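In what follows, a structure is listed as structure tokens, so that the remarks can point back to it.
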Amino acid sequence: MRVTIKLFATFRDGRFKVEEQDLSEGTCVLDVIQPLNIQAEELAICLLNGKDANEHTVLNDGDTLALFPPVGGG
Amino acid sequence: MGGYTGKVLRINLTEGKISTEPLNMELAKKYLSGRGLAGKMFFDEVAADVDALSPENTMYIATGVLTGTNAPTSGRFMVVTKSPLNGVIASSNSGGYWGAQLKFAGYDMVILEGKAAKPVYIAITDDKVEIKDAANVWGKDVYATTEALKAEFGDDKAKVLTIGPAGETLSLNAAIMNDLFRAAGRSGVGAVMGSKNLKAIVVRGTGKVVNANPDEMKNVLSAALGKIKENGVTGAGLPTYGTAVLVNIINESGIFPVNNFQESYDANAETVSGETMTANHLIKKDACYRCPIACGRYSKWEGGQGAGPEYEAVWSFGPDCGVHDYDAIHVANDLCNKLGMDSISAGCTIATAMELVQKGYVKPEELEGIPLEFGDAKGMVEWTRKMAYGEGFGAKLAQGSYRLAESYGHPELSMSVKKLDIPAYDPRGIQGHGLQYATSNRGGCHVRGYMVSPEILGLPQKLDKDSLEGKTTWVKIFQDLTAVIDSIGMCLFTSFALGLSDYTAIVNAVTGFNYTDAELLACGDRIYNVERLQNLRIGMTTADDTLPPRLLNDPIPAGPSKGSVHRLPELLPAYYAERGWDAAGVPTAETLKNLGV
Ligand code: SF4
């Protein structure tokens, strides 16, 4: 299945902004961040198709996953 | 007693009379300082039916009890007066260095009454206070005025607070600027200063603000600083990217308004993101007095450099106007700093005007050939300038988006609450934040209870942004806590890292008082209720606690929050009950008695 991974803020350093990945069925968020060397504790905001998700959420074909470290403003 | 100087400076500009009076400590204990104390004094001293731009309106420039101490971010002050935009108690917050300097000069607050016969400015050096002729600087922009008055004052350490041309022409989008780039931005406070023929206040203080318990303060401070440093937002996210880092988060959440809230997802958001700004435009970071966070930006653009832009201005002059040209956004933001305008409302007013043009309500012959279409960056910049000077159609823009849209028979196209423009979060996809827009005493404002923090950022805990559950309680607590932070002189951004008990500990160490957490939070509740009473006595009703019809009725058309509307009618009665207000949104006698209002 094809999933779009978007990284933001410091997660982009030495990685990428956006990438389409071919993943096997049953892949969860943790399986995506581990090879990227992102720890689950560093993950502050995890949006799957714009909705809240977490490291255990299972991905589906056509999903967009957006990952953010702690950031804020106002 | 520490923190407070105990002295208030009262200046009657009509009579040219300068006097000092002791701070009312009994009131200060109940209403703290800043927004709370000045709001209460305004409520008691200024009649409900006063015209905001008449000499009878009074302006309170009030520091916080912590302003000028060594508490982190303690440089803040509040401008409190009747808002010419909507008649409520305007309390516009600013940072920088001016507030601390006023405290060093020995004053908790400056009260400005009446109207000078001709343009003047006020010069303060400790006990020496003078009203001086401002003929040389009237008509000048904020940068030129600041430079000229500093030179005339002859002390480089003096701090300048001033209005620009927008305040002089009484634009309802006019801000009061200090330290060049910092703004008491919202509610049209710059026009009130302009209506008093008061151009600027220059202040130099040589005193100190004392802490009642210096030893306790050491411990309390090191704990607070540690939390600010360790927190991912205040210790890393904000310092690295500034507030514009929100562009991508808010957009990916599907609540990033585009083209005057006609859409809420922007496929081109990356072009104006905080990440892009940091990579291509950032020159250096900037911090207010005693701030370890340093969220301020100093940036370059094609042909210039200057402060900002912040997230809200990036959005208001950018995607809300359909613009994705960072240079143009910078220029418009710089015009706001230079000419003294609220960069949120100025951009939102142009976005409203663009929709009026798009729908054919504004006729092309009114526009002198200057484009006013979504996506036209050049036109957006030129209309920003013309708004500040009130030139041609710019004079209509200067009245703010609500009066503009109303004058064409379509007030529903103003994306405002109580005539104050809603900032950069579409409430349809964030229910608690939408409730807070609708119930904010000053109107469409994001910093009266920043529900984005729990609903998007997960601080202090993650709430489902689309759910209604528990939201009325959260909104009330956030509004009350914000009233506390606004009334002690610290920056709201510290609340990403600090909680109520941290603020209580700091206030107690500085003042020597013994507030409990509950007592301090009750001060916030009290402050909120006094502001509410002002809204009621000028004739506002529950019908004013609402959102623009588009946000209640038209589902978000596309993007991650597609299909959402704001469900205000389901929340409002429970919110009133939570506050101890009756079904008409009026505080009950029992509520007021319990709070000691
Ligand atoms: S966090 Fe930003 S706005 Fe707040 S005091 Fe620091 S520099 Fe100023």
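By convention in this document, chain letters (A, B, ...) are assigned in the order of the sequence lines, proteins followed by strands, and residues within each chain are numbered from 1. This structure is a prediction, so every number in the text was calculated from the model and none was measured. The figures that follow rest on heavy atoms only: side chains count, while hydrogens, waters and symmetry mates do not.
Within the 4.5 angstrom heavy-atom criterion, atoms from both the backbone and the side chain of A/Ala9 approach chain B. Only the side chain of B/Val245 comes within contact range of chain A, with at least one heavy atom under 4.5 Å from a heavy atom of that chain. Residue contact with chain A, scored on non-hydrogen atoms closer than 4.5 Å, involves the backbone and the side chain of B/Leu457 alike. Only the side chain of A/Phe68 comes within contact range of chain B, with at least one heavy atom under 4.5 Å from a heavy atom of that chain. Neither the backbone nor the side chain of B/Ile293 comes within contact range of chain A; no heavy atom of the residue lies under 4.5 Å from a heavy atom of that chain.
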Between chain A and chain B, which N/O donor-acceptor pairs sit under 3.5 Å?
{"from": "A/Lys6", "atom 1": "NZ", "to": "B/Glu252", "atom 2": "OE1", "distance (Å)": "3.3"}
{"from": "A/Lys6", "atom 1": "NZ", "to": "B/Glu252", "atom 2": "OE2", "distance (Å)": "2.9"}
{"from": "A/Lys6", "atom 1": "NZ", "to": "B/Tyr265", "atom 2": "OH", "distance (Å)": "3.4"}
{"from": "A/Ala9", "atom 1": "N", "to": "B/Glu275", "atom 2": "OE2", "distance (Å)": "2.8"}
{"from": "A/Ala9", "atom 1": "O", "to": "B/Tyr241", "atom 2": "OH", "distance (Å)": "3.3"}
{"from": "A/Thr10", "atom 1": "N", "to": "B/Tyr241", "atom 2": "OH", "distance (Å)": "3.0"}
{"from": "A/Arg12", "atom 1": "NH1", "to": "B/Glu270", "atom 2": "OE2", "distance (Å)": "2.9"}
{"from": "A/Arg12", "atom 1": "NH2", "to": "B/Glu270", "atom 2": "OE1", "distance (Å)": "2.7"}
{"from": "A/Arg12", "atom 1": "NH2", "to": "B/Glu270", "atom 2": "OE2", "distance (Å)": "3.3"}
{"from": "A/Lys51", "atom 1": "NZ", "to": "B/Pro560", "atom 2": "O", "distance (Å)": "3.1"}
{"from": "A/Asp52", "atom 1": "OD1", "to": "B/Lys462", "atom 2": "NZ", "distance (Å)": "3.2"}
{"from": "A/Asp52", "atom 1": "OD2", "to": "B/Lys462", "atom 2": "NZ", "distance (Å)": "2.9"}

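Applying the side-chain contact (heavy atoms from CB on, under 4.5 Å) criterion to A/Ala44, with sequence neighbours excluded, gives A/Pro70. Remark: A/Asp61 engages A/Met1, A/Arg2 in a side-chain contact (heavy atoms from CB on, under 4.5 Å) (not counting sequence neighbours).
Contact of the B/Ile249 side chain with the A/Val71 side chain is registered, since non-hydrogen atoms from C-beta on lie closer than 4.5 Å.
Using a 4.5 Å cut-off between non-hydrogen atoms, no part of residues 24-36 of chain A approaches chain B.
For the residue pair A/Gly50 and B/Pro560, the shortest heavy atom distance occurs at CA-CB, 3.5 Å.
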